[in-house]
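Scroll down for the structure; my scribbles are underneath it.
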Protein chains: 2
Amino acid sequence: MPAAPVDQPEHRLAPLLDHLARRMRLRAETVLAPLGLRPRHLVALTVLRAQGGSSQQALAGTLAMDGTNIVGLLNELEAERLIERRRSPEDRRRHVVELTDAGARRLREAECALAAVEGEVLGALDPGQRETLYELLQQAATATPASCAEALRDAPGGAQTC
Amino acid sequence: MPAAPVDQPEHRLAPLLDHLARRMRLRAETVLAPLGLRPRHLVALTVLRAQGGSSQQALAGTLAMDGTNIVGLLNELEAERLIERRRSPEDRRRHVVELTDAGARRLREAECALAAVEGEVLGALDPGQRETLYELLQQAATATPASCAEALRDAPGGAQTC
DNA sequence: ACAAATGGTTCGCGCATCACCAACGATTAC
DNA sequence: GTAATCGTTGGTGATGCGCGAACCATTTGT
């Protein structure tokens, strides 16, 4: 056996992530509809609860979406008084976006409704596994904005690893 | 302290999953483009490698998408000789879809290219963590098709858990 | 003080995804 | 033979989203 060429399964988790996220999103849509929310809103609200008081283009960065679309998203959320835009005192061009009390409440309601969906999609995982899954994803998500921008800056063309 | 109301952080991982999957998908698109593949194709190919020789509506089930759209997806893949449709011997109405050698090769190429993306998006996770993440997602994904259909059958309206 | 750059907003274009309906050919089941 | 099933094609419509253009308010540079 010469050098044992390390026949890795070469499993990448991008497709897996995509697959599961899709399943989750599909079910979540139907559950969230009665609350007047869509998955996108949930992500935004969750991010805002974590890092409240960010500017809109900071949000655009962490949500990885175009600035103009952020406006629309926030408009919808503000129309239902779930978030507030205040002008920043230091730089009055900026809008400081923050969760309102109603927003935090709705978010909790949504999360509550989402628990059922989790039960369906992640039925094969026991509570402990779900918890570690949560922690892994959380860790990845909170650290990514920086590392992602960094990676994009360092290797704009292509960074091949194999 | 009356009954200690268990002030769970009530963290749901649906938004997290959505968020990370989006980041991953965005980067994956640009990396996959030169290979003539899009994220959807990758998911399909991965599923086919795992459970080869399924009928198209079985695929529709596990991919959670409409049958008619499956046709288009498979057409694209077949046009590049990455999959083959053969008629099932038992039931000649069915098409048995299977990965070709070229398909398996392309899939590996794509996974290789995807490794770089993983590095960017999951930079905060060390190899061990990524492995457990993979195993958790894998376990959830392989078990979901059944449990999901089951859940939909049992509770078509709404299954509130809290 | 004037020009340039920046954050946010609005409008509109274009593209991709996707569910759904309808109709059809081939095949199987009752 | 009739009905149901699998796949295929074509079309429609909603949605999401990136992108560019123009605009206002504000800040920054000189």
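When reading the values below, keep in mind they use all heavy atoms of this one structure, side chains included, and skip hydrogens, waters and symmetry mates. Chain naming here is simple, since letters A, B, ... match the order of the sequence lines and numbering starts at 1 in each.
- Rounded to whole angstrom, the span from the CZ atom of B/Arg23 across to the P atom of D/dG18 amounts to 12 Å.
- In this structure, the CD atom of A/Glu29 is 16 Å from the P atom of D/dA14, given to the nearest Å.
- Between A/Arg38 and A/Glu76, at least one side-chain N (NZ, or NE/NH1/NH2) sits under 4.0 Å from a carboxylate O, which counts as a salt bridge.
- For residues 96-105 of chain A, every residue pair satisfying the side chain to side chain donor-acceptor pair (under 3.5 Å) rule, not counting sequence neighbours, is listed here: A/Arg86-A/Glu98.
- The distance between atom CG of A/Leu63 and atom P of D/dG18, rounded to the nearest whole Å, is 10 Å.
- If you take CD on A/Glu118 and CG on A/Leu125, they are separated by 10.0 Å, rounding to the nearest 0.5 Å.
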### Task
Give the intermediate values and the outcome of side chain to side chain donor-acceptor pair (under 3.5 Å) for residues B/His95 and B/Glu84.
CA-CA 9 Å; B/His95 271 164; B/Glu84 270 184 4; over 6 Å; no

### Query
Could you go step by step and tell me if A/Ile83 and A/Leu45 meet the side chain to side chain contact (heavy atoms under 4.5 Å, CB included) rule?
CA-CA 8 Å; A/Ile83 60 144; A/Leu45 291 178; 4.0 Å; yes

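- Using a 4.0 Å heavy-atom criterion, one finds that A/Arg22 contacts the sugar-phosphate atoms exclusively.
- The CG-P distance, from A/Leu74 to D/dC17, rounds to 13 Å in whole Å.
- Within a heavy-atom distance below 4.0 Å of DNA chain D, the residues of residues 31-39 of chain A found are A/Arg38.
- Contact between the side-chain N/O atoms of A/Gln56 and the OP1/OP2 oxygens of C/dG7 is not found at any separation under 4.0 Å.
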### Query
Taking protein heavy atoms under 4.0 Å as touching, what does nucleotides 19-30 of chain D look like 5' to 3' if B marks base contact, S marks sugar-phosphate-only contact and - marks none?
BB----BBS---

